[in-house]
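A quick write-up on the structure given underneath.
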Amino acid sequence: MKFKSIKGTKDILPGEAEVWQRVEESIRHVMSLFNYREIRTPVFEQTSLFSRSIGELTDIVSKEMYTFTDRSEESITLRPEGTASALRAYIQHNVGEQSALTKLYYIGPMFRQERPQAGRLRQFHQFGAEALGSSSPQLDAEMMLVALAVYRDLGIEEFALNVNSVGCRTCRPPYKELLVNALNNVRDKLSPESQARIGQNPLRVLDSKDDHDRELTRNVPLMKDHLCPECADHFKEVQALLQSSGTPFHIDGRLVRGLDYYTKTAFEITSTALGSQDALAGGGRYDILVEELGGKPTPGVGFAAGMERLMMVLSKAGKAGMPDVRPVLFIATNGAAAQQWAFTTANALRSKGFRVEIDYLQRSLKAQMREANRMEARYALVIGETELQARSAKLKNMQTGDEEGVALDQIDRALTTL
RNA sequence: GCGGCCAUAGCUCAGUCGGUUAGAGCGCCAGGUUGUGGCCCUGGAGGUCGUGGGUUCGAGACCCACUGGUCGCCCCA
């Protein structure tokens, strides 16, 4: 085999692609119920858009981006997530001037250069939503409800919603000082990764998966207990809204997202059916991001959800069924004239909405019937010279084996009534 | 970036202690039915045994490297 797909990329072949279509339909359906409008942005952007929004010190920017220089020496990056591009477009086209509140969604491929493993590819797919222009906690809650509605629409039940607040420009700096002080007391006993993070992003030490780190930071102060009045109210509101909508959730005071731009609400939906890569979706509020990207100060919330992981959950739950792709009719012919007739008739029937297939390989009638059976056609029309002349052919029910005569100009009617 | 496991037909896999021409099931093609699928029977096509090197009289098997896959670590969707 000469060419192979690039490491960490995957072909979605027929059979699986139809399941993707179904999932995409669910996403579009739910998004339209919540009145989100689709936005499609380029898959690459200038590198600084991502480094500025996501954060220089995050794993994504520091080691996972697909960055290259194009022929005009500009640094280009394949988008590692969707929010930065959506906001860039929002700002660039002054979308905020046209309406005070903008609700957007996207579906598409994202790129991160990591070691592939279960539920993690280098080209993967996310869907997500962004609501720009309001700081209402209702939108924070809505983000979680949108994601959960998609999962529910697909019949998935095994998930957990974790919520936290990471504060804002007012309350985070003083808290950070508190936290760093506490962490410094145990600094020497922490894992090397966590030690490095004390200086860079101390919040991240909290969600270290290292058991020893967890134990050492057991009694360290948490952001949610040191919020400013505004953030505390907001967080309370979000919880109340989730409760009143009957959405079970856990408060996880250690939850920190891997992107720097979050303020106030941060949340994560994990699947209890997956292995170590169990995050289905994540998101939160980013009230300072639009401004940081050069737009007018505009509050926003959003989330992103992994589609490969969603597919994994679906197949584990036995719900990765695909839509019906079986033809209604297979026209099996004998002789050149009949084959000609089949070609034009198939097209006429297709324009009337019937899924019809014919033989393109000059196969024997037997082989054509075998093909009709293989693709599980509901009916086969058997036609040769005699039938052509008689203007009547045999229509065979492939399930029962029954055959009955049908006039050539009545085929569409026969297919609808049968 | 680090570690474990794996790589034989389109797919799933077997291949003993290193020994002659590398197998099975499924799938595919054809015939058994000169114009009828499925079930059955018969036959056929299909292999760089991941790549390169080494050990050996002899390597699919043993050793090394590389590549890829997979699972995990870090982190994330």
Side-chain angles (χ1 to χ4, degrees), chain A residues 1-10 13 15 54 57-65 79-83 107-128 147 191-194 196-197 201 204 207-210 213 255-259 268-271 274-283 302-313 330-335 338 359 361 363-388 393-403:
Chain A
M1 204 176 301
K2 199 163 183 185
F3 296 109
K4 285 197 295 193
S5 53
I6 301 290
K7 182 195 191 95
T9 67
K10 199 172 155 295
L13 299 174
I54 298 168
L57 295 174
T58 60
D59 284 0
I60 293 178
V61 172
S62 63
K63 56 180 199 190
E64 296 170 0
M65 293 206 304
R79 62 179 184 195
E81 54 108 42
T83 300
I107 304 181
M110 306 293 162
F111 307 84
R112 290 181 203 174
Q113 188 161 178
E114 298 179 87
R115 189 73 179 267
Q117 69 185 70
R120 184 202 294 161
L121 291 169
R122 290 186 170 185
Q123 174 174 340
F124 60 104
H125 299 77
Q126 289 186 334
F127 68 93
S191 65
E193 292 85 5
S194 290
R197 280 186 195 129
N201 187 346
R204 291 277 302 283
D207 78 344
S208 168
K209 268 105 194 160
D210 186 302
D213 285 357
L255 174 64
V256 181
R257 311 258 56 243
L259 295 76
E268 185 170 82
I269 300 172
T270 55
S271 167
L274 290 185
S276 67
Q277 312 300 322
D278 65 349
L280 275 181
F303 80 93
M307 295 182 64
E308 277 79 6
R309 290 180 190 178
L310 176 49
M311 299 295 298
M312 287 168 76
V313 174
F330 189 99
I331 303 179
T333 65
N334 184 38
D359 172 63
L361 299 172
R363 283 182 281 197
S364 66
L365 186 66
K366 179 187 182 129
Q368 292 181 54
M369 293 302 289
R370 194 159 48 226
E371 182 64 19
N373 183 63
R374 203 175 59 80
M375 53 179 63
E376 297 182 89
R378 292 230 306 276
Y379 296 96
L381 185 79
V382 182
I383 181 161
E385 302 297 334
T386 27
E387 288 84 357
L388 258 189
K394 277 169 280 182
L395 189 62
K396 180 169 189 168
N397 181 324
M398 294 297 283
Q399 202 113 61
T400 63
D402 297 339
E403 280 187 358

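Reckoned from all heavy atoms, side chains included, excluding hydrogens, waters and symmetry mates. Lettering of chains follows the sequences in order, A, B, ..., and the numbering in each one begins at 1.
- Here Arg122(A) does not pair with Glu114(A) in a salt bridge; the nearest charged N to carboxylate O distance is not below 4.0 Å.
- Atom CG in Leu365(A) sits roughly 11 Å away from atom C1' in U33(B) (whole-Å rounding).
- For the C1' atoms, the distance linking G27(B) with U34(B) amounts to 29 Å, nearest Å.
- The residue Ala281(A) sits close only to the backbone: its heavy atoms come under 4.0 Å of sugar-phosphate atoms, none of a base.
- Note: CD (Gln368(A)) to P (G37(B)) measures 12 Å, nearest angstrom.
- The residue Leu310(A) sits apart from the nucleic acid: no heavy atom pair falls under 4.0 Å.
- Here Thr58(A) lies out of heavy-atom contact (under 4.0 Å) with every strand.
- Note on Gly283(A): nothing from the nucleic acid sits closer than 4.0 angstrom, heavy atoms only.
- One P atom belongs to G43(B), the other to G4(B), and the distance between them is 48 Å to the nearest Å.
- Here the C1' atom of nucleotide G38(B) and the CZ atom of Arg374(A) are 13 Å apart, to the nearest Å.
- Distance, Leu121(A) CG to G68(B) C1': 15 Å, rounded to whole Å.
- Taking atom NZ of Lys4(A) as the reference point, atom P of G50(B) lies 12 Å away to the nearest angstrom.
- Taking the C1' atoms as reference points, A9(B) lies 14 Å from G60(B), given to the whole Å.
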Polar pairs (N or O, both sides) under 3.5 Å between protein and nucleotides 4-8 of chain B?
none

Each base of RNA chain B marked ( ) or [ ] if paired in-strand (Watson-Crick or G-U under 3.5 Å), | if paired to another strand and . if unpaired gives (((((((..((((.....[...)))).(((((.......))))).....(((((..]....))))))))))))....

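- Base contact: Arg309(A) has a heavy atom under 4.0 Å from a base atom.
- Residue Asn201(A) contributes atom CG, which lies 12 Å from atom P of C75(B) at whole-angstrom precision.
- Using a 4.0 Å heavy-atom distance criterion, Glu376(A) is classed as making no nucleic acid contact.
- Counting any heavy atom pair closer than 4.0 Å across all strands shown, Gly401(A) reaches a base atom.
- C11(B) sits 15 Å from C28(B) when the P atoms are compared, rounded to a whole Å.
- Atom C1' of G37(B) sits at a distance of 47 Å from the matching atom of A59(B), rounded to the whole Å.
- Atom CD1 of Ile6(A) sits in a sparse spot, with 12 or fewer heavy atoms from other residues, nucleotides or ligands closer than 6.0 Å.
- Residue Asn334(A) is in base contact, counting any heavy-atom pair closer than 4.0 Å across all strands shown.
- A distance of about 24 Å separates the C1' atoms of C62(B) and U70(B), rounded to the whole Å.
- In this structure, the nucleotide among C75(B), G37(B), G35(B) sitting nearest to the side chain of Lys394(A) is G35(B).
- Looking at heavy-atom distances under 4.0 Å, Glu114(A) makes contact with a base.
- Between G46(B) and C41(B), the distance separating the two C1' atoms is 22 Å to the nearest Å.
- The minimum heavy-atom distance linking Leu280(A) with Leu310(A) is given by the pair CD2-N, 3.9 Å.
- Using a 4.0 Å heavy-atom cutoff across all strands shown, Lys7(A) reaches sugar-phosphate atoms only and no base atom.
- Between the CZ atom of Arg363(A) and the C1' atom of G37(B) there is a distance of 12 Å, rounded to whole Å.
- In this structure, of G68(B), C28(B), U36(B), it is U36(B) that holds the atom nearest to the side chain of Met369(A).
- Note that CZ of Arg309(A) and CG of Leu121(A) are 9.5 Å apart. Values are rounded to the nearest 0.5 Å.
- The same atom, P, is picked in C64(B) and in U55(B); the two are 15 Å apart, to the nearest Å.
- Among C75(B), A77(B), A30(B), the nucleotide with an atom closest to any side-chain atom of Ala279(A) is A77(B).
- Distance CD/Glu81(A) to CD/Gln126(A): 7.5 Å, rounded to 0.5 Å.
- Among the atoms of the strands shown, base atoms are found under 4.0 Å from some heavy atom of Glu387(A).
- Note that the CG atom of Asp59(A) and the CZ atom of Arg204(A) stand 5.0 Å from one another [nearest 0.5 Å].
- The NZ-C1' distance, from Lys63(A) to C2(B), rounds to 11 Å in whole Å.
- Once rounded to the nearest 0.5 Å, the distance linking CG of Leu388(A) with CD1 of Ile383(A) reads 4.5 Å.
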